[in-house]
Structure formats: C-alpha cells, structure tokens
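This report concerns only the one structure given below.
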Amino acid sequence: MTTLHPTSIGAASPRLEAREKVTGHAMYAVDRPMPGAVYAWPVQAAFAHGRVAAVQTEAALGIDGVLAVLWHGNAPRLEPGDDPQMLVLQSPEVAYYGQVVALVVATTLESAQEGADAVVVRAEVQPADTVLRADHPDLYEPETVNAGYPGRLETGDFEAGFGVADVRIDATYRTPIEHHNAMEPHAATAFWERGRLVVYDATQSSTTMRDTLAALFELPPQLVRVHNEHVGGGFGGKGFPKPTAVLAAMAARLVGRPVKLALSRTMLFAMVGYRTPTIQRVRLGADAKGRLLAIGHEAFAQTSRLTEFTEQSAVISRVLYGAPNHTSRHHVVRLDVPTPTVMRAPGECPGSFALESAMDELATAGNWDPVQLRIDNDTDRDAEGLPFSSRHLVECLRRGAEAFGWSGRDPRIGSRREGRWLLGTGVASSTFPAITWPSTATARATADEHFHVAVNAADIGTGARTVMRQIAADALGVPTHCVEITVGDSAIGQAPVAGGSMGTSSWGWAVTKACLALRERIDREHGGRVPPEGISVGADTTADIAARGDYSRHAFGAQFCALRADPRTGEVRIDRLLGVFAAGQIINPTTARSQLIGGMTMGVGMALTEQTILDPRTGDFVTSDLASYHVAVNADVPRIDIEFVPEDDPHLNPMGSKGIGELGIVGTAAAVANAVYHATGIRVRSLPITPAALLSYSSSSTGA
Ligand code: MOS
C-alpha cells in the first residue's frame, strides 16, 4: 500500500467545530428549528415480562394538543429484520421493564408528557427472571460472541499446564451493569417528504441507521436520508441502530408532520442498551520463574429474550500474554432484561479488570514485580497463532515504569502512610484491536485550488472531521486550510460506524485513496491544473482491505495508578494516572490525548463509582439518573498523563494508524484495584470499589 509522507498527520490541531460547539451553534438531533414540528413522548412498560392486554388512549387524546397515541394496535407496520429490538409497537409482548408500549404525539413537549401520563396500560404480567448468576440453569455457550470471535478457544492442554504450575491463581471477578450516559440523549427528528424519509438522529452510524430504516419501512435506501452532523457522545450506546428514529418516523408518518423525540435520562437506562454485568473466573499458572504455563478465562454474561448479544470478555486473554496452554470461553443466559450492547471497549474493558487483577495476584503469590511479570510474558503471537502486525507492550511498560517512578516502589502492603491515608501504586496493561472496515469517500477539486472531501464519518466528539482533514491534506499534498471536509450524512456514501475504534483508520484510508487518485488525475490528465468545471474522484477500500496479510492487529498500552485509601472510611482518592500507549501513527496528538484521557476517566468511574442497580423483584433499573449513577466528574479525575511510544506498522492502512477511542479504558480499573491492594492489602474482586464495598471487604476478608 502507498505510504504517506506526513506533514499534517501527526500535527497537534484543535477541533474544527470547537467554536460552533462552545457557542451553542452546533445542531444536534433535535436542535434544528423545523416549522410545524411536534413532539413525541414514550410510555414504558412497568413490568419485565408479559403482554399488554389493552392500551386505553381516550383520556390522553382528550388533552389539549395531543394529536395521536401510537400503540401496537394502530402503529404503522414494520418489516421484521434481523434485530427484534427495532420492532417497536408491533406486538403486545413485553420482554423487559421499560420497553416502549405506546407513544404520545402532541404539539408541545409538555402536552406529550401529560398525555403519556394519562395513557392506561392493562397488562398480563408473568414472573420475571432478571439476575445473572454463574450457576443459572439456562446458561449456554454461544458459538460466537460480539465482534464475531469464536466463543471458545483452546490451545495446548490447559488443565495439564495449570496442574504442573508452581504458582497458581484461581479467582472470580465481577463487574456490574454499566450505562453509557452520553451527554446528548438518544434523540431523533423525522419527517416524510413526498415518500422520502429524512431523519436527524443521534447515531454513531448514519449509514447503518439509513439501511435499517429503509428495511423497516420497506423503502429503497436512496429514499432515506440520515443526518448526524454532530453527535453528543456515544461510547457504543449509539453504535447499533436504536428505536428512537423508528418511533419518530412512525409518528411522523401518522401525523403528517415532523416529529422530535428526545429520550429522558431515565428512559435511556432501559431503552437503548447497557454493558452486561460479568462474572469472570480467571486461572493463571506460572513456573517458578514467572513464565505463564496456562491461561484460563471463563466469562458469564446476560442477554435478553429478544436477541443474543454476548460480551466478549475472555477474548483479551487470547492477546495480552503468551502461554502454551490456553482456554477461554463464554457463557450467556437469556433473562427478562433489556438487551445489553457494546460499551466502550466491549469485552476488553471488563475482561481486563479480571485478567489484569489476576496478573497482580499472581505477582503477589510468586513474589514477582508486576511490571516485570508482564514483560516476561510478552508474546509475538496471539493464542490463535497469528503474528502481531506490531506490538510494543514491553516498551510501554518500561517507559511507563520509568516516567512513573516505579523502580523505587516498596512491594510491601501498606508500607507508605500519610496521616489517615495508606498510599499505593498499581499497574495494568491495555490492549484493543486495530480494526479497519471498508469505506467510501469522495474528493473534489475546484478551479480555485480548493478541495472538498466527503466521507460519512460520525464525529461523536472525537475530532473525526479534524483528523480527516489532516489525512486529506497530506494525500493531496496541500496545507489543511485548502481542504473542506463534510461528514455526518448518509447521502455522502457508505462508511462504517464510529465504533470499534475503527473510524479514523477506516474512513481515513478511503479519504487517502480518493485524494491520491484526485491528485494523480490533476497531475496526469490536466498537467497539474484543475479545469474550470472541477474534478471529482470517488474511492472504495473494500478490495484494499481484503488484500492485506493475515496479522493480529492490536494497540497496546500500560497504565499506572497512584492513590490513597482510608481503611477506616473506605474512601479511595486517586492521586495520578499515567498511560503510555503504542497505537501506530498518532494522527493528531491533541485529539488523541483527549480520547485516551477520556477513556481513562471513564475507567476511573468504572473502578470507583459506576454501577446500575437492578431491582430483582421488578427488573427495573432503579439507579436511572446521574445522581444515583455516578460518572466521574472533574472532582473525581486525578492528574492524568499520556505518552505515546512511536510505532511504525506497515500492515495496517496508509496512515499506519490504530484505533484509540477504546484503548484508554482498558486496564484502568485493574490498575486502580491493584493500587488499592498495594495500599491496603484488600483485594477487591468486584467493581466498583465504593467506600461501602471496601469496608465490607476489610471486615470480612484478610486480603491476600
Ligand atoms: Mo464503541 S463500544 O465500539 O462504539
């Protein structure tokens, strides 16, 4: 593949839309003024399992301003596709608490809400089974797990390797239900115009949303257009299509006006997905020198009655370290709960808490330094035997240890004290796949030497359009100010989701290809001068990606945490975090740093505060607001330093880039938990490490 000579790539650059955003001019999904627009508000099931016997709408319809109440008896019919979650208001069956059972449309938001309160839902309620347990009788092993990985992988003989190990760890870890909580809720504006459907949706992929809506409403895709020019955060919650746009489009068809629907914070908890709780058993066996002989990782997760989604929690153990004997497998159970979905680093994020806590426990048991133990178990192949395209985990660990001041660490528990605080430090490794999917892009030159590049990227707050412009400028051989970038519109052309940390690499390759082809045509066919009518070139990377060699492609990193804990109150305060990452060519150090700090910040929330409590009697998520579900805010976020280890990988894409959106959250929680152990001697195997949790551990366990 062609390699670029980076000029704009690698240069720190602020976001192009920063001013628009901070001045409030950026338009999100329901922000656009639209004459005649009306408002929709859902009615949710207040039971987790059963069927709707009747929906009484008279009282709601009598309220001033209420135009319609949609329910399964009168809603427009949808064509069933492969995702039953999208078939809203199509049947009386209820599969989880909070499922939408009616939708009120009114001329004002307030009358829609009043109308929703007045709708009476009569139900036949069945007992609900809502709690994940590792001994649930309905657990099964899925063939594949999220992102298409095989559910089970075995190499060598795990039991034999584990059996002869000199030092063994067998421990079970738990992570709770977590919610994405992007600032912009799931929201959509929809209207119909001469048989065409136009939607403004809070989605990480307007291409997928366009195709999904087209299939549901039985329209050719070119009659559906989805805009997502600005998206206020996603974290995976807006990665797969969600029913918001479907509901708005159904309502718009029924009332013949544009409909705006923005879910409330509380509705988000039940209606648009979450991270499954996990139970993970990790078994590690090492020889007397600290070389892993056996890695075993068994993960349990839940899914819904509607569809199978299995978090790939054990997959990280196929990548992070080498061992001749390996087993990793997944179990899932269908419960009367909403369907879980991808959330920042699905699989690797909860998986790293288990594996990287277990590595710390192994280091303690063998009396090895936790950094050195990780270095000693580096590998050049993954558990499937594929060579890594590039891998600089060891460099990240070494550089991190040096920058953090790890070498002076006293390994003894509770050896440092400051007043009421016990001080501790911890380390964990990070990794995330470097994925590239096919994309299209177009590049156009005008006679005045300006360039317009369009790629259907979704900028969910990451700086996507900013880095696309840097990539385009280098491929065209011009300064960035000569390039205009358009993103966030399904009409631009097919492009993959802003998810799986694949956006920059996938879109950027198509942008590079289109721009190089445009430059070539200008030079070869037009002697270096753009003709008055301009020139336009399109590109598609499907064949280029298929032609790549077989490699295991991943980014790596090392995270270090220094914290203090008060064993009397259970408080944990993080003093500082350091992340050192090797993620290929960094396109823009400013936005990259922001992604990694953001990931680590979310990791702090995961470690210390984030959890959604489900009431097993009802199946309701009872902590469904930002007061009871505490995401890390400024006061919780310590000093976070980021460093990059330079990495040149020729097996990725023309930019040499790996994804960074998810890498930062992988390992953070383990680094924190390992530091809590170092400070206090309390090994917390269940997140989050709240004061109550730490106190209950200290009274019930002795630590190591
Ligand atoms: Mo990310 S969880 O793949 O949007």
Side-chain angles (χ1 to χ4, degrees), residues 83 85 145-149 175 177-186 201-209 212 228 230-242 244 268 272-276 278 301 303 309-313 315-316 338-353 430-437 439 456-464 487-488 495-507 553-555 583 591-592 594-596 598-603 605-606 610 631 657-669:
D83 185 359
Q85 295 178 94
V145 292
N146 181 50
Y149 295 101
T175 60
I177 297 169
E178 293 162 357
H179 276 84
H180 311 78
N181 277 310
M183 284 301 288
E184 183 196 23
H186 286 64
D201 190 32
T203 176
Q204 292 170 231
S205 173
S206 60
T207 297
T208 316
M209 199 63 227
T212 301
N228 60 342
H230 296 290
V231 180
F235 311 115
K238 298 166 184 168
F240 293 122
K242 294 294 149 83
T244 339
L268 296 175
V272 291
Y274 59 98
R275 195 197 301 276
T276 178
T278 71
T303 188
F309 173 90
T310 310
E311 179 101 9
Q312 68 270 38
S313 302
V315 161
I316 188 170
T339 314
T341 190
V342 294
M343 179 165 157
R344 205 170 200 167
E348 279 78 6
C349 174
S352 67
F353 171 65
S430 306
T431 186
F432 198 77
I435 306 168
T436 313
W437 274 9
S439 180
N456 189 23
D459 196 328
I460 60 173
T462 53
V487 301
V497 58
S501 297
M502 71 175 87
T504 297
S505 298
S506 305
W507 310 318
R553 298 176 171 88
H554 302 264
T591 52
S594 168
Q595 280 302 297
L596 290 157
M600 291 170 75
T601 297
M602 215 162 158
M606 178 190 184
E610 289 187 41
V631 300
S657 59
K658 293 179 177 177
I660 48 171
E662 293 163 278
L663 183 61
I665 198 177
V666 180
T668 316

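One-based numbering, in listed order, for ligands and for the atoms of each. Note that the numbering runs from 1 along the sequence shown for the chain. As the structure is a computational prediction, the values presented were derived from the model and not from experiment.
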- prompt: Is there a donor-acceptor contact under 3.5 Å linking the side chains of Ser501 and Glu662?
  reply: yes
query: Taking all non-hydrogen atoms of both residues, which atom of Pro433 and which atom of Glu348 are closest, and how far apart?
result: CD-OE2, 3.5 Å
Shortest non-hydrogen separation from Leu663 to Ala555 and the atoms involved: CD2-CB, 3.8 Å
task: Compile the protein residues with any heavy atom at a distance under 4.0 Å from an atom of ligand 1; present them by chain, then by number.
output: Gln204, Phe235, Gly236, Val342, Met343, Arg344, Pro346, Ala498, Gly499, Gly500, Glu662
query: How many angstroms lie between CD1 in Ile177 and CZ in Arg275, if you round to the nearest 0.5 Å?
result: 12.5 Å
- prompt: Is a side-chain N or O of Thr341 found less than 3.5 angstrom from the main chain of Tyr274, in a donor-acceptor match?
  reply: no
Heavy-atom pair with the smallest gap, counting every atom of Gly232 and Ala182: O-CB, 3.6 Å
